[in-house]
Amino acid sequence: MLRPNLPKPPQNPLNQQSFEQNYRDVCNLLLSLTHSRSLPKGLQLHSHVLKSGLQTIPLISHHLINFYSKNQLPLHSRQIFEEASRKSSTTWSSVISSFAQNELPVLAIEYFRRMLGAQLRPDDHIYPSVAKSCAILNRLDVGQSVHCLAVKTGYEFDVFVGSSVVDMYAKCGEIRDARKVFDEIPEKNVVSWSGMIYGYTQLGQDEEALRLFKQAMVENLDVNDFTFSSVIRVCGNSTLFELGRQIHGLCFKTNFDLSSFVGSSLVSLYSKCGVIEGAYRVFDEIPVKNLGMWNAMLIASAQHVHTDNALDLFKQMESAGMKPNFITFLCVLYACSHAGLVEKGQYYFSLMREYGIEPGEQHYATLVDLLGRAGKLQEAVKIIDEMPIEPTESIWGALLTGCRIHGDTELAASVADRVFELGPVSSGLHVLLSNAYAAAQRFEEAAKVRKMLRDRGVKKETGLSWVEEGNKIHTFAAGDRTHMRTKEIYEKLEELGEEMEKAGYVADTSFVLREVNREEKDQTIRYHSERLAVAFGLITFLPDRPIRIMKNLRICGDCHTAIKFMSKCSGRVIIVRDNNRFHRFEDGKCTCGDYW
DNA sequence: ATAGGGTTAG
């Protein structure tokens, strides 16, 4: 264990009287230094404390423990704790909190056990730190026994203890227990509510999160930036633009829109809903931008293929002295990958190391994707062979996609062989593997892979497109005839189809995967979900409003061409989000430059 | 006299 470098105790402590004189001043000074996190001054004061022998006073040692905790030096806290002659429950509480706050949850729990072993009764101040440590470690078992102990010692209804236990259960995936504890807190406050709402969002229970938020609004309860950032994230994930905008309005009224946390959620909301201008506006208005804020804006510009902006943002970050983290680099690599910038991507990839960040699985996957799409398949293979981590499914998937685009059937098949040696794979990769064998004319293996898929009962995800209209969401599947305005939608497609053909559009049926005859192919492709959604948008929205469509899968090549013609013939702006980026169609062109 | 709970970005 690392020994923190603390000042040595004095040889001759001063007399009793200066103890008393010093005592109050030192206390107040320590408190204010803790508040302002002024480390050098605190270290000076600490050595003064030792010279005058004040460290024997419990209150002083508590203050010192907290001072070092706030300055992220938990091992200094620990040493003061160990050297303290009398250890009250406050002393234990302070040191355990220092561990919990400073990424030493294992030590926090270890000291908690030691404290119980010393026959000390834990008080209400200690439980939150211990519950937090269990949450960080995802140790439901320990968390449950801590909760039990809190009940036994009569603190289960304390709002601090309760809120931290709610958070612990939510983070350990036991949302029902979290809710039970939440419901039983008699005087819930904004932290209890936010914690519960956040818990639901963590587990993807978006509706429940929104319901709780609505209840808080209806009951006129306190909410704050934590609450807002959680619910805005829900809106972003489900692309509920109208609701998100209304909640943005509420943030504005309450001034929480200036918080960086709320700001990053808002940027992500606007971006995910296809309104990139809104994202920039929010970003510009946040006075103090933290790392999350920069990353949110970076990923937004990457998704919308505003590549120059993205790379410029990165430069601005560097000159503002903001240290990029692994997410920042992921965003920048996405930006390069979406624009096919191979050299730039490689440059940023190597820049990571200079910042002391070890590339993770996702960074490698993006790099392999970038190289693969650019046709540099051998370089991609080299990356995979030489990287220090085990290749994941997304990394293999990226390589297979590259092989498919550049028609390297041999490499694809050999990759498939390699992947199968590693054991069972997910359904998404199965499809790629089966296609790889089929393309290499190895039909037996292809059939075998398809059979494996069938045996496991995995179905391909149904392609869906959806459009928001006010507070309503209209969803379409391919060939869908269930929508109320089906007749008008198909008529619009007919009418548009004629214009498109006059403008030079020819359907490319090679994108239909199923084995059907040619005429049928033509029919299927004409009514892909995104086209129905575009037609709905054309007959629903006023001409100057862009039509925004969300899609769960990648757009097929022919629909991409078709929508270009649709934008030209209708004179409308059409924005389509597929599974990982945005396409903005205008006047017969798409922002992706046909690279996606 | 003193200590404690929840967050953003993929």
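The residue A/Tyr127 sits apart from the nucleic acid: no heavy atom pair falls under 4.0 Å. Looking at heavy-atom distances under 4.0 Å, A/Ile299 makes contact with sugar-phosphate atoms alone, never a base. A/Lys188 comes within contact range of no nucleotide atom at all, as no heavy-atom separation falls under 4.0 Å. Using a 4.0 Å heavy-atom cutoff across all strands shown, A/Gly292 reaches at least one base atom of the nucleic acid. Residue contacts for A/Ser230: at a heavy-atom cut-off of 4.0 Å it reaches no nucleic acid atom on any strand shown. Within 4.0 Å (heavy atoms only), A/Asp123 reaches at least one base atom of the nucleic acid. Contact annotation for A/Val159: base contact, defined as any heavy-atom pair under 4.0 Å involving a base atom. Contacts of A/Leu31 with the nucleic acid, taken as non-hydrogen atoms under 4.0 Å apart, involve only primed sugar atoms and P, OP1 or OP2. Residue-level contact check: A/Ser89 touches neither bases nor backbone, having no heavy atom under 4.0 Å from any strand. In this structure, A/Tyr198 reaches the sugar-phosphate backbone alone: every heavy-atom distance under 4.0 Å involves primed, P, OP1 or OP2 atoms, never a base.
In this entry the distance linking CZ of A/Phe228 with C1' of B/dG6 reads 16 Å, nearest Å. Atom CD1 of A/Ile136 is separated from atom P of B/dG4 by 15 Å (rounded to the nearest Å). In this structure, the CE atom of A/Met322 is 12 Å from the C1' atom of B/dT8, given to the nearest Å. The nearest whole Å value for the distance from the OH atom in A/Tyr334 to the C1' atom in B/dA9 is 12 Å. Distance, A/Lys272 NZ to B/dT8 P: 11 Å, rounded to whole Å. The distance from atom OH of A/Tyr364 to atom C1' of B/dG10 is 18 Å, rounded to the nearest whole Å. The distance from atom CD of A/Gln202 to atom P of B/dT7 is 8 Å, rounded to the nearest whole Å. What separates CG of A/Leu291 from P of B/dA9 is a distance of 12 Å, to the nearest Å.
Side-chain proximity of A/His62 to B/dG6, B/dT2, B/dG10: nearest is B/dT2. Comparing B/dG4, B/dA3, B/dT7 against the side chain of A/Asp167 picks out B/dT7 as the nearest. Residue A/Ser264 places its side chain closer to B/dA9 than to any other of B/dA3, B/dA9, B/dG6. The side chain of A/Gln362 approaches B/dG10 more closely than any other nucleotide in the set B/dG10, B/dG6, B/dT8. Closest to the side chain of A/Ser268, from the set B/dG10, B/dA1, B/dG6, is B/dG10.
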Criterion side chain to side chain donor-acceptor pair (under 3.5 Å) on A/Ser69 and A/Asn66, from CA distance to verdict: CA-CA 5 Å; A/Ser69 170; A/Asn66 297 333; 5.7 Å; no
For a side chain to side chain donor-acceptor pair (under 3.5 Å) check, start with the C-alpha distance between A/Tyr355 and A/Glu318, then their side-chain angles and the critical distance, and finish with the verdict. CA-CA 11 Å; A/Tyr355 276 101; A/Glu318 281 187 309; 2.7 Å; yes
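In the interface, the side chain of A/Ser229 is not paired with the base of B/dT8 through any donor and acceptor atom under 3.5 Å apart. Counting distance only, with no hydrogens placed and no angle test, the side-chain atoms of A/Asn224 and the base atoms of B/dG6 include a donor-acceptor pair under 3.5 Å. For A/Asp158 and B/dG4, a side-chain-to-base donor-acceptor distance below 3.5 Å is present, hydrogens and geometry of angles not being considered.
Contact check for A/Tyr595 versus A/Arg373: side-chain heavy atoms found under the 4.5 Å cut-off. With contacts defined as side-chain heavy-atom distances shorter than 4.5 Å, the pair A/Ile65/A/Arg78 does not qualify.
When each of A/Thr307, A/Asn309, A/Asp308 is checked for a side-chain contact (heavy atoms from CB on, under 4.5 Å) with A/Val305, only A/Thr307 meets the rule.
Annotation: A/Tyr364 is in aromatic contact with A/Phe349 [ring centroid separation under 6.0 Å].
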